[in-house]
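So the structure is just underneath, and the comments pick up after that.
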Number of protein chains: 2
Amino acid sequence: MVLLSPSRRLRRTPFSDGVEAAGVKAYTVYNHMLLPTVFRSVEEDYRHLKEAVQVWDVACERQVEIRGPDAGRLVQHLTPRDLRGMLPGQCYYLPIVDETGGMLNDPVAVKLAEDRWWISIADSDLLYWVKGLAYGFRLDVLVDEPDVSPLAVQGPRADDLMAQVFGDAVRDIRFFRFSQFQFQGRDLVVARSGYSKQGGFEIYVEGEDIGMPLWHALMEAGKALDVRAGAPNLIERIEGGLLSYGNDMTDENTPHECGLGRFCNTQTAIGCIGRDALLRVAKEGPVKQIRALAIDGGPVPTCDRFWPVTAKKQLVGRVSSAAWSPDFGTNVAIGMVRMTHWDEGTEVRVETPDGPRPATVHETFWN
Amino acid sequence: MVLLSPSRRLRRTPFSDGVEAAGVKAYTVYNHMLLPTVFRSVEEDYRHLKEAVQVWDVACERQVEIRGPDAGRLVQHLTPRDLRGMLPGQCYYLPIVDETGGMLNDPVAVKLAEDRWWISIADSDLLYWVKGLAYGFRLDVLVDEPDVSPLAVQGPRADDLMAQVFGDAVRDIRFFRFSQFQFQGRDLVVARSGYSKQGGFEIYVEGEDIGMPLWHALMEAGKALDVRAGAPNLIERIEGGLLSYGNDMTDENTPHECGLGRFCNTQTAIGCIGRDALLRVAKEGPVKQIRALAIDGGPVPTCDRFWPVTAKKQLVGRVSSAAWSPDFGTNVAIGMVRMTHWDEGTEVRVETPDGPRPATVHETFWN
């Protein structure tokens, strides 16, 4: 690994002081902001995440706030998911596409009210797309980045930890729903969501001044639960098939290629930009799609570029994320594979930097 | 400094293999791409840049290509600079603002033809803003990121090095003009521009396959000139007053606050988004503005967050970039200072992480 040069351009978060006191070993940059990646080691953090509870600085999931009479209309412009049935208090995972049906982001939308939404974004400046559309369409909306920084609490003991800080009512929040809870006199949105398959919550911390007080409160309350500072974990997210925008998909891919067809109601999502392009894809289906791949042999090196997937020396896809899984005793990977080779159990080769390796395509992920 | 976790999301460039073979010590992330920052040390790289010639991987200056009958109209929508007099073959530095006059990017625009432009962007996804506007306004344009990666040749010997590879005609390119030159049978745009005050060129490398061949050709041709791999240098750019989007300015700032008023012809830039807001600013002037600051004492620590600038315990500004300058024997800094304290020679205090330091405000930069 190489060093990261710090600068003000790579923004610190309201929790960075806590992250650094906890001994963060490596960062990545996400939405122009520091995102911790490793505390003890990727494997040690993984084991702990699956057994205990962690507090994650995911402030880099910046919010695009959309408010005003045209807010709902604008959000429907952004996505092929049909939003008519979405109620305030719900979170929806939304593919966001451009006019060609190419993915621009894959955020979670938080519907605060009929005329007020937060879009909790993956790694691209979605704010610019939304502002450009709002201006071009002359919509009656305010589009802005509010002072909101998500803090995630993830792991099997997440309910117990959260109950100690916010009270037992947090246990009643259903998956992808949110409620408001008080902390130091301020109302915070708390959702049952997060970028792991271990369960947990995301707290939308409104006002950076309460970032470190909340961090300390969670760490203090969680001592008996073995709480630790953590981060989205490479191994765990691949096992669970959690895609990463910029890694596993880019604006070259349709939601259908990304296996997100179930979030597309292209026929009824009236007003969706890219609908014309996606109706065609929805009908005919994609010719390549995201798949799980098990790569044979010992631990693979870091996947920092596409690794070609081949069969009989022909290119049939590429791997975009890979890591050794201690729990499954194989290298778990996410890739895009052509339809000729995407069926369960298909044998392929993955061209890693260390040389070619046999691999098997799977239709479902591990977790 | 901390470690950077590699992933495919932090894109490698066509020159990354060369950069790594040259022993890059640190990276930053810029437009989702790796940007080298240090080879030997920031000070050693600085000395060499001022005395010899360097080849810089600035592929992270991604291009937004705009082509089609409405291309010129769309570019004028983006900026308060009047583009009516701009000819094909010219490069313009453009403040890009939103509807409130807030800076979204500060690219160099390359006018290839009346109906074809490249916008060579700073660190924000300007593509999304331009695409959103083009869609909302239903303009007849294609907006896309082409396979173009700038490679900069900077330093006092840049003309000599470039002449060896492209012929003596490169010496005739005027400042912020470009011509086409052949390399391996391909026509490349070569402009006299770059992010230093030492003179030099930017080669718009079209087609990633010729990235490493061109890198090697420059390194080979420049042996007698002591060519080295280099990078935009923190000290040199601060001495020269070269602003960095995300460091020294954000979408909260108007061009006038950034000292870019001379690039705003708000009255005549008909169609410019944000014109209404900026006409007011142009008339009344900003209340704070970018200034050079000399900070007393020995070398300051890394500036990775805003440092408050105070006078009589009142907040009067903030420093956003700072470094020790061996040539000027002081800490050079870029900051935003309120009008009450922005005059040449004003004494202020800068609250560095090591404690407060006396500093002097200057109206001009060092180089």
Side-chain angles (χ1 to χ4, degrees), chain A residues 1-12 16 20 24-30 32 34-38 42 77 98-99 104-105 123-139 145 234 244-248 250-251 273 302-307 318-321, chain B residues 1-12 16 20 24-30 32 34-38 42 77 98-99 104-105 123-139 145 234 244-248 250-251 273 302-307 318-321:
Chain A
M1 287 209 276
V2 295
L3 292 170
L4 175 64
S5 288
S7 67
R8 144 58 228 190
R9 185 173 53 77
L10 310 183
R11 292 194 283 174
R12 293 171 64 80
S16 291
E20 288 169 8
V24 64
K25 289 218 176 92
Y27 277 120
T28 185
V29 177
Y30 197 99
H32 313 278
L34 297 175
L35 169 61
T37 52
V38 186
V42 175
H77 280 323
D98 68 11
E99 72 286 359
L104 295 180
N105 202 289
D123 183 33
S124 73
D125 296 334
L126 191 68
L127 181 67
Y128 282 31
W129 172 245
V130 180
K131 275 172 70 98
L133 293 173
Y135 190 84
F137 285 138
R138 298 174 194 278
L139 298 180
E145 181 184 306
L234 181 69
S244 165
Y245 186 75
N247 280 313
D248 307 311
T250 72
D251 60 1
I273 294 164
T302 302
C303 183
D304 65 353
R305 63 201 87 180
F306 289 141
W307 292 346
R318 44 67 167 177
V319 160
S320 47
S321 301
Chain B
M1 287 208 278
V2 295
L3 292 170
L4 175 63
S5 288
S7 66
R8 145 58 228 190
R9 186 172 53 76
L10 309 183
R11 291 194 283 173
R12 293 171 64 80
S16 291
E20 288 169 8
V24 64
K25 289 218 175 93
Y27 277 121
T28 186
V29 177
Y30 197 98
H32 313 278
L34 297 175
L35 169 61
T37 52
V38 185
V42 175
H77 280 323
D98 68 12
E99 72 286 359
L104 295 179
N105 204 288
D123 182 33
S124 73
D125 295 334
L126 191 68
L127 182 67
Y128 281 31
W129 172 245
V130 180
K131 276 172 69 99
L133 292 174
Y135 190 84
F137 285 138
R138 298 174 193 278
L139 299 179
E145 180 184 308
L234 180 69
S244 165
Y245 186 75
N247 280 313
D248 307 312
T250 71
D251 60 0
I273 294 164
T302 303
C303 184
D304 66 352
R305 64 201 87 180
F306 289 141
W307 292 346
R318 43 74 168 171
V319 159
S320 47
S321 299

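Atom set for the values below is all heavy atoms of this structure, side chains included, hydrogens, waters and symmetry mates excluded. Proteins come first, then strands; the chains are lettered A, B, ... in the order of their sequence lines, and each starts at number 1.
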Notebook entry, point to check: Side chain, backbone, both or neither: which part of B:Arg305 has a heavy atom under 4.5 Å from chain A?
Noted result: both
Next item on the list: Determine the option with the most heavy-atom pairs under 4.5 angstrom with chain B, choosing from A:Pro6, A:Ser320, A:Gly132.
Entry: A:Gly132
Next item on the list: Measure B:Asp123 against the heavy atoms of chain A and call it side chain, backbone, both or neither at under 4.5 Å.
Entry: both
Checklist line | Atom of B:Thr28, atom of A:Leu10 and distance for their closest heavy-atom approach | finding: OG1-CD1, 3.4 Å
Notebook entry, point to check: If you count heavy-atom pairs under 4.5 Å with chain A, which of B:Leu126, B:Thr37, B:Leu104 comes out on top?
Noted result: B:Leu104
Check: Under a 4.5 Å heavy-atom cut-off, does chain B meet the side chain of A:Ser244, its backbone, both or neither?
Finding: side chain
Margin query: Please classify the contact between A:Ser321 and chain B as side chain, backbone, both or neither, with a heavy-atom cut-off of under 4.5 Å.
Written below: neither
Notebook entry, point to check: What part of B:Ser7 is in contact with chain A, defined as an atom under 4.5 angstrom from a non-hydrogen atom: side chain, backbone, both or neither?
Noted result: both
Note to self: Counting heavy-atom pairs under 4.5 Å with chain B, which one of A:Lys131, A:His77, A:Arg138 comes out on top?
What the structure shows: A:Lys131
Notebook entry, point to check: What residue in B:Phe306, B:Tyr245, B:Tyr128, B:Trp129 has the most heavy-atom pairs under 4.5 Å with chain A?
Noted result: B:Tyr128
Margin query: Under a 4.5 Å cutoff for heavy-atom pairs, which residue among A:Tyr135, A:Phe137, A:Tyr30 has the most contacts with chain B?
Written below: A:Tyr135
Checklist line | Pairs of heavy atoms under 4.5 Å with chain B: top-ranked of A:Val29, A:Val2, A:Leu3 | finding: A:Leu3
Next item on the list: Heavy-atom distances under 4.5 Å only: say whether A:Ile273 touches chain B with side chain, backbone, both or neither.
Entry: both
Next item on the list: Using the test side-chain contact (heavy atoms from CB on, under 4.5 Å), find all partners of B:Val38 that sit at least two apart in sequence or belong to another chain.
Entry: A:Ser5, B:Lys25, B:Ala26, B:Val42, B:Asp45
Next item on the list: Name the region of A:Asp248, side chain, backbone, both or neither, that has any atom closer than 4.5 Å to a heavy atom of chain B.
Entry: neither
